[in-house]
Structures are given as structure tokens and as C-alpha cells.
Amino acid sequence: MSNDTNFDLRFTCPSREMLEHVITYLDRKKARWDAWRKRGKGSEELLERIGASSFGAVVSWGFDFDEIETSNDGEASVQVTTWANQNFRNVWISGDEGELADLLEKFPFLQITGSYEDEYASGEIHGASQC
């Protein structure tokens with residue numbers, strides 16, 4: 001059963017450089033995942049190979065970024081969109097084991113807010129959680 005979920009997020013960091021690191025990480029993770037899948041390999045093998053503890057650290061649905069905005073105090077933010085089929089078999093974007101949780105573990109300075117809408121509900125995103 002499908003549960004297509006759309007996300008409209010805002011990533012905020014103390015500086016533009018920090019935000020650029022987050023974006024680079026996500027772009028590289030998606031490229032690695034796509035290359036891995038082209039080779040016919042599964043997520044379990046990649047998880048073991050890189051020594052990660054969560055599938056959210058290796059699987060990526062991909063993220064689209066608008067232009068980075070910088071405030072007068074140097075804080076940087078960017079609008080982000082993505083989607084996932086968050087059914088029981090797939091890696092989720094939200095939740096304790098999802099891509100956002102992995103992102104917050106690697107970049108604890110990152111703030112994630114926004115909204116989601118799926119086939120059953122809609123609501124806000126705070127950190128890695130759907131509220």
C-alpha cells in the first residue's frame with residue numbers, strides 16, 4: 001500500500017557555509033544511492049559497507065533546494081521540497097529512522113521546520129517529526 005508524502009521544508013543554519021555543507025551532504029548521498037542502485041545493490045549492503053546504523057543514512061529520495069537566503073545576522077535558510085512513499089517497506093523521510101533524523105544527527109546545528117501532506121493527513125514538521 002502506498003503512502004505518498006510531500007514535504008515543504010525550511011532548513012536553517014547559523015551560517016551560509018554550514019548550510020552549504022548540509023546541501024552538499026544530501027546531494028552526495030543521493031548520488032551515491034543512485035549509483036549503488038544502478039549496480040543492482042541493496043540498502044543492506046550499503047549500510048554495512050559504510051558502517052551506518054540507520055537506513056536513513058544511506059537511502060535517499062532526493063531533495064530540491066531553492067536559493068539560499070542570508071539574514072543580516074548571518075543566519076542562512078533555504079526552502080526544500082521532497083517526497084517519499086512512506087509505506088511500511090520503504091525508508092521514510094520523517095521519523096526516528098528517516099532521512100531527516102540522520103541529517104539532524106550529522107548536523108546538530110540544523111533546524112528543520114515545514115509541513116507535510118500525504119494520502120491520509122497533513123501537518124507540520126518539527127525536526128524529524130510529523131506533528
Side-chain angles (χ1 to χ4, degrees):
M1 183 190 298
S2 167
N3 185 19
D4 290 347
T5 307
N6 294 303
F7 294 87
D8 186 14
L9 307 171
R10 178 165 284 278
F11 289 0
T12 304
C13 290
S15 73
R16 182 181 187 94
E17 181 181 19
M18 294 167 109
L19 184 54
E20 288 172 346
H21 286 301
V22 171
I23 293 169
T24 298
Y25 168 79
L26 287 170
D27 287 344
R28 288 180 178 168
K29 182 175 120 177
K30 175 68 171 146
R32 179 185 66 201
W33 176 239
D34 289 347
W36 192 255
R37 288 185 53 204
K38 272 188 178 177
R39 293 173 51 200
K41 305 273 187 167
S43 56
E44 291 88 4
E45 296 168 292
L46 184 56
L47 189 73
E48 184 177 317
R49 181 173 188 181
I50 68 168
S53 59
S54 165
F55 288 105
V58 295
V59 174
S60 182
W61 290 91
F63 293 81
D64 294 314
F65 303 96
D66 286 350
E67 294 296 318
I68 295 174
E69 302 169 6
T70 306
S71 67
N72 290 339
D73 65 358
E75 186 176 81
S77 63
V78 66
Q79 281 298 122
V80 182
T81 55
T82 187
W83 80 276
N85 180 351
Q86 295 194 142
N87 67 21
F88 71 95
R89 291 187 292 165
N90 291 328
V91 173
W92 285 28
I93 288 178
S94 61
D96 292 341
E97 298 293 319
E99 287 195 72
L100 297 179
D102 170 66
L103 201 56
L104 291 169
E105 183 179 320
K106 288 180 174 48
F107 302 100
F109 53 81
L110 175 64
Q111 295 176 14
I112 302 172
T113 57
S115 62
Y116 76 93
E117 183 175 359
D118 64 27
E119 298 173 23
Y120 308 102
S122 63
E124 295 181 6
I125 297 289
H126 295 285
S129 301
Q130 289 182 203
C131 303

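Numbers here are sequence positions counted from 1. Everything numeric here is computed off the predicted structure, so don't read it as measured data.
Looking at residues two or more places apart in sequence or on another chain, you find a side-chain contact (heavy atoms from CB on, under 4.5 Å) between A52 and L47, I50, A57, V58. With sequence neighbours left out, the side-chain contact (heavy atoms from CB on, under 4.5 Å) criterion links A121 to Y116, D118. Scored by the side-chain contact (heavy atoms from CB on, under 4.5 Å) test, S71 finds D73, E75 as partners (sequence neighbours excluded).
The two residues A76 and I68 come nearest to each other via the heavy atoms CB-CG2, 4.0 Å. The minimum heavy-atom distance between D4 and E119, with the atom names listed, is N-OE2, 3.1 Å. Between Q130 and I125, the shortest heavy-atom distance links the atoms CG-CD1, 3.6 Å.
For the pair E48 (side chain) and E45 (backbone), a donor-acceptor distance under 3.5 Å is absent. Checking side-chain atoms of S54 against main-chain N and O of G56 turns up a donor-acceptor pair under 3.5 Å. Looking only at distances, no side-chain donor or acceptor of W83 sits under 3.5 Å from a matching main-chain atom of F63.
Contact annotation: the side chain of F65 never approaches that of V22 to less than 4.5 Å [non-hydrogen atoms, C-beta and beyond].
Applying the side chain to side chain donor-acceptor pair (under 3.5 Å) test to pairs two or more places apart or on separate chains, those with a residue in residues 31-40 are K30-D34.
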Next on the checklist: Using the rule given for side chain to side chain contact (heavy atoms under 4.5 Å, CB included), can you reason through I93 versus Q86, listing the C-alpha separation, both sets of side-chain angles and the distance that settles it, and then say yes or no?
Outcome noted: CA-CA 8 Å; I93 288 178; Q86 295 194 142; 3.8 Å; yes
Under 3.5 Å, side-chain donor or acceptor atoms of residues 5-19 against the rest of the protein: list the pairs with distances, not counting sequence neighbours.
| from | atom 1 | to | atom 2 | distance (Å) |
| --- | --- | --- | --- | --- |
| T5 | OG1 | N3 | O | 3.0 |
| D8 | OD1 | Q79 | NE2 | 3.2 |
| R10 | NE | Q79 | OE1 | 2.9 |
| R10 | NH1 | S77 | OG | 2.5 |
| R10 | NH2 | Q79 | OE1 | 3.0 |
| S15 | OG | M18 | N | 3.2 |
| R16 | NE | E20 | OE2 | 3.1 |

Kindly list each side-chain donor-acceptor pair under 3.5 angstrom involving residues 96-108, sequence neighbours excluded, with atom names and distances?
| from | atom 1 | to | atom 2 | distance (Å) |
| --- | --- | --- | --- | --- |
| E99 | OE1 | K29 | NZ | 3.1 |
| E99 | OE1 | S60 | OG | 3.2 |
| E99 | OE2 | W61 | N | 2.9 |
| D102 | OD1 | K106 | NZ | 2.5 |
| D102 | OD2 | Y25 | OH | 2.7 |

